[in-house]
Student: 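I'd like to ask you about the structure that follows.
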Protein chains: 2
Amino acid sequence: MNFQERKKKILTALDDVESLTVFELAEILEASPATIRRDLGDIAEEGLLIRTHGGAMKMENPVLTGFSEKSGVNNPVKEQIAEKAASFVQDGDIIFLDCGSTVFQMCRFLKKKSIRVITNSLPILAELIDVPSIQINLIGGELNKARKAVHGDKAVQHINGYHAHKAFIGVDGLSTENGLTAHSEHESTITTAFIRNAGQVMLLCDASKIGKDSYVKFAELSAIHTLITNADAAKTTALQQSGLHVEIAG
Amino acid sequence: MNFQERKKKILTALDDVESLTVFELAEILEASPATIRRDLGDIAEEGLLIRTHGGAMKMENPVLTGFSEKSGVNNPVKEQIAEKAASFVQDGDIIFLDCGSTVFQMCRFLKKKSIRVITNSLPILAELIDVPSIQINLIGGELNKARKAVHGDKAVQHINGYHAHKAFIGVDGLSTENGLTAHSEHESTITTAFIRNAGQVMLLCDASKIGKDSYVKFAELSAIHTLITNADAAKTTALQQSGLHVEIAG
DNA sequence: TTACTTTTGATCAATATTAATCAATTTTGA
DNA sequence: TCAAAATTGATTAATATTGATCAAAAGTAA
């Protein structure tokens, strides 16, 4: 049995019971306590259960309190980009936050600011709801449970009702030929709405996506004011020659 | 039993009572007073209870990290009303769910239905997001962190964009003279919007609120189609004579 | 205030749990 | 196919938890 299978079984087992010991789980999964401990550590890091001394406890609301986005928490590149992006946010700003994992990483660098955040991302909502200095405006519409974000026409209408100083967005691909591209149309319509209604558009994009193209072409390069990336000069010169302002993180 | 479990039990115990002594807790948790003291010290440090000489006191506004709508979970009356209310929901229904604690209790009785839920309540969102048969439409707008719900003009506009088969709402006061009354205007505008856009309006209201009036008068009795309550005939006859259909829970 | 009782915090020993390490095995990728 | 990487389980040293004990501190009543 592999980690994913065990993870599923552990979480299922915790649906029924309040808590389980390492040894109980070892017996249920027919694995050694050492493996269970490693698993529990990993799953707890994802925020889907609470690690206790000797076992694990069920998480009351795993969906909103713990997230797959945390998977990127130990990605130093995304973290650097996020920190650089957050440095452009000033007290008093009204900002749009998109629902990508790099944008999500900005949260921890925003907690000391006095700002208003407009977002369609539930992880961001959960992360910032406890910060008194941040006002949250939640974008309404159909909930996409897999992405833990709100999408659809209604959401676009909602965004159109606001103007923000800055929008922080992500993409799946970025190139001089095709501009901004995304995997899914649902997300690209939201991102397009953010672009349309923001004074400044900041694109957070790690080196791996530069020069790559994805499925939906949704915006020109000129729509972006600043690209924040970890890519080196070699990769960004072409973009800069197209008039894009590039900020290197790290 | 480990610290996490004891912590949960201690806080749950303090939901019901104003304060508890170290020895009472030691007996409840089957742990030594020394352990309880250590626990209380740690929990107090987190700001979730107030340490007293000899025990601990409930904290009025604990900084809840999750969205669990604890109040009312062990309230059998609210549970009965919620179960009765949920029995009116059929597969295929589109329903509005208000952000009160009794309405929240409906969630556990809705999990087996195939429905679409439109709500402004984050606890309801958190509770239902994992249910595959339930589509969620989140109402957008300004987030009220204290109430863990979305309010404001934008939210009302959002609701006006939809029509639901049924709306399940709560009130703070209900009387033949003043109709429906609420503590705050923010909530009453949302409730009014639900009433306006629903085919049937179901009001969930325990006996304690019947005959009482609150601050904001926001709807006539005639706006309600069905009152679901635990009140006995003596209290409801006047309402029934005003043409209200009453369902008794329990 | 003073004498008395209760509660607390510190320390300690017993026990349980964990993290780190390593060898064996399986999986992955060339 | 083979070599490299990842996963697993066993071992062991390090760490955490617990309850008991007791002196110090806090509360109580005269």
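Keep in mind it's a predicted model, so treat the numbers as computed, not measured. Each chain gets a letter, A, B and so on, in the order its sequence line appears, and its residues count up from 1.
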Student: Sorted by first residue and then second, give each side-chain hydrogen bond (donor to acceptor under 3.5 Å, both in side chains) pair with at least one member in residues 112-124 of chain B; sequence neighbours left out.
Tutor: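 Applying side-chain hydrogen bond (donor to acceptor under 3.5 Å, both in side chains) to every pair that reaches into residues 112-124 of chain B, excluding sequence neighbours, yields A:Glu142-B:Arg116.
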Student: Can you tell me if B:Asn2 and A:Thr52 form a side-chain donor-acceptor pair at under 3.5 Å?
Tutor: yes
Student: Using atom CZ of A:Arg37 as one end and atom C1' of C:dT21 as the other, report the distance to the nearest whole Å.
Tutor: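 Atom-to-atom, A:Arg37 to C:dT21, this comes out as 15 Å.
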Student: Using a heavy-atom cut-off of under 4.0 Å over every strand shown, decide if A:Thr52 touches base, sugar-phosphate, or nothing.
Tutor: sugar-phosphate
Student: Expressed as a whole number of angstroms, how long is the span from A:Leu40:CG to C:dA19:C1'?
Tutor: 14 Å
Student: Would you kindly give the CE-to-C1' distance between A:Met57 and C:dT17, to the nearest whole Å?
Tutor: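 Going from CE in A:Met57 over to C1' in C:dT17 covers 18 Å.
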Student: List the protein contact pattern of nucleotides 15-30 of chain D with one symbol per nucleotide (5' to 3'): B for base contact, S for sugar-phosphate-only contact, - for none; contact means a heavy-atom distance under 4.0 Å.
Tutor: -SSBB------SS---
Student: Measure across B:Glu24 and B:Thr21 and return the closest heavy-atom pair with its distance rounded to 0.1 Å.
Tutor: OE1-N, 2.8 Å
Student: Do other residues, nucleotides or ligands put more than 12 heavy atoms under 6.0 Å from the CD atom of A:Glu5?
Tutor: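 More than 12 heavy atoms, drawn from other residues, nucleotides or ligands, come within 6.0 Å of this atom.
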Student: Looking at A:Lys111, I'd like to know if its NZ atom is crowded, meaning that more than 12 non-hydrogen atoms belonging to other residues, nucleotides or ligands lie closer than 6.0 Å.
Tutor: yes
Student: Quick check on C:dT8: is either OP1 or OP2 less than 4.0 Å from any side-chain nitrogen or oxygen of B:Arg51?
Tutor: yes
Student: In this structure, how many angstroms lie between the P atom of D:dT7 and the NZ atom of A:Lys7, rounded?
Tutor: 14 Å
Student: Taking ring-ring contact (aromatic ring centres under 6.0 Å, His included) as the definition, give me every residue that meets it alongside A:Phe168, ordered by chain and number, with sequence neighbours left out.
Tutor: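 Here no residue qualifies.
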